[in-house]
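The next block holds one structure in the form of structure tokens; read it before the comments.
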Amino acid sequence: MSPSGAEVIRQIKQQIQEVDPAEVSEHLGNGIVLIDVRDELEWDRGHLPGAKHVPRGYLESRIEAAAPDRDANVVLYCASGQRSALAAHTLRELLGYSNVRSMAGGITLWKDRGYKVELPRKLTIEQKERYGRHLLLPEIGAAGQAKLLDAKVLLLGAGGLGSPTALYLAAAGVGTLGIVDDDDVDLSNLQRQVIHTTDRIGTPKVESAAQTIAALNPDVEVVQYRTRLDASNIMQIIDGYDVIVDGVDNFPTRYLLNDATVRLGIPVVSASILGFDGQLSVFKPHDGPCYRCLYPVPPPAELAPSCGANGVLGVLPGTMGLLQATEVVKLVTGAGDPLVGRLLLYEALGASFTELKVRRDPECPICSREPEEITDDEMGVFPDYEAFCAAAG
């Protein structure tokens, strides 16, 4: 006679190593890849902190995104420990995971022991429809979308780079978008600054951007800063934001931004454009190099668009701005591998991408020190800027 379903489960549970909730609690966030294999309704009622949601019905198709390393310390759990044992057996026997265990007693025993349970943000019916394509991605899902809705992202500039970045971050559901810009919409902007329209010429750019974003996604709150970022206001403006998008066009502000964000520990997604060329990197304090590690002194004067009028291909800011938006989403949700320690160069005429490694400078005057040691007088000090701009003609 063939074994019953209950007997099969008992046999599999005997073959799979179980781990006590106490051990899981002790090592949360420290080397364990924690996978919840329950269905969506169960997940919505609460889950273990730091867990990734991979329903058992999608296990084979989604587990690699949640646990790409087959030798990682993977712990699965469900309500009672049965489904997670079956899932662990599948990972070990069919998918080649070498170190996979099931949590004994599931989340039921976890709760009985009094351990913490996270309650995910509940999406409305409209939000589930609006962000439905995100919810289908295992790297984002409901948990990642909730992070986006709770995120605060500051955009420096509502111009060529800021326009496409703001549009797509708003569409993605980033809950709070701060925008810093002291300029008004001009006819010459409309060739590339796609968040603005002809009928808004003369309108402050922050107001124009806010109108477009409100029409695109009512979930997004726009905080307007109609000012120029400088040493007198930077700490007050950037404090409290999760990520900053750098779309400024001058080196003094970039140095100032770098020093302030290193001091506050805020990652910066930085891009620049000139002619047919663009470059992009992510400066995440103490996880990689900072802007001063890349440019200890200003680049050659001919590469400084802030020192004079320069041409730019109208669609190039769109390309680089969308890459910036992608990096922001990755930083907020934890998906993928952000461009930390890497510089991406794009050459539009040849349609070529080049990636360069950027190493952290152990002698960097800013990021090699403790953040609290960085004084106000040091922030944004820019070597020989007047001579630098004069050399640009």
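Position 1 is the first residue of the sequence; numbering continues from there. No experiment lies behind these values; they were computed from the predicted model shown.
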Taking [X] for the side chain and [Y] for the main chain, is one N or O donor matched with an acceptor at less than 3.5 Å?
| X | Y | answer |
| --- | --- | --- |
| Arg200 | Glu207 | no |
| Thr165 | Gly321 | yes |
| Tyr225 | Leu154 | no |
| Lys330 | Asp337 | yes |
| Gln145 | Ala172 | yes |
| Gln191 | Val312 | yes |
| Glu18 | Gly105 | no |
| Thr333 | Ile140 | no |

Do other residues, nucleotides or ligands put more than 12 heavy atoms under 6.0 Å from the [atom1] atom of [X]?
| X | atom1 | answer |
| --- | --- | --- |
| Lys13 | NZ | yes |
| Leu136 | CG | yes |
| Tyr168 | OH | no |
| Glu40 | CD | no |
| Arg113 | CZ | yes |
| Glu129 | CD | no |
| Glu363 | CD | no |
| Phe353 | CZ | yes |

List for me each residue that meets salt bridge (Lys or Arg N to Asp or Glu O under 4.0 Å) alongside Asp219, sequence neighbours excluded, and say none if there are none. none

pair [X]-[Y]: side-chain heavy atoms closer than 4.5 Å:
| X | Y | value |
| --- | --- | --- |
| Arg70 | Leu91 | no |
| Met103 | Leu48 | yes |
| Leu349 | Asp277 | no |

Measuring from atom OG1 of Thr176 to atom OH of Tyr241, what distance do you get when rounded to the nearest 0.5 angstrom? 7.0 Å

Could you go through Asp377 and Thr375, starting from their C-alpha distance and side-chain angles, then the distance that decides it, and tell me whether this counts as side-chain hydrogen bond (donor to acceptor under 3.5 Å, both in side chains)? CA-CA 5 Å; Asp377 292 339; Thr375 66; 5.2 Å; no

Is the distance between the ring centroids of Tyr291 and Tyr295 less than 6.0 Å? yes

Using a strict threshold of under 4.0 Å (side-chain N to carboxylate O), is an ion pair present between Arg263 and Asp376? yes

Aromatic plane relationship, His53 with Trp43 - under 30° parallel, 30 to 60° tilted, over 60° perpendicular: parallel

Quick one: name the residues clustered hydrophobically with Tyr131, using the 4.5 Å side-chain heavy-atom rule over I, L, V, M, F, W, Y, and just say none if it's on its own. Leu123, Leu135, Leu149

side-chain contact (heavy atoms from CB on, under 4.5 Å) test vs Val262 passes for just one of Ser368, Pro371, Cys364, Cys290, namely Cys290

Donor on one side chain, acceptor on other, Arg101 and Asn73, under 3.5 Å: yes

Sequence neighbours excluded, the answer for side chain to side chain contact (heavy atoms under 4.5 Å, CB included) partners of Asp259 is Arg292, Ile366, Met379

CA sep, side-chain torsions, deciding dist, call: Arg228, Asp230, salt bridge (charged side-chain N to carboxylate O under 4.0 Å, His left out): CA-CA 6 Å; Arg228 181 176 293 273; Asp230 59 31; over 6 Å; no

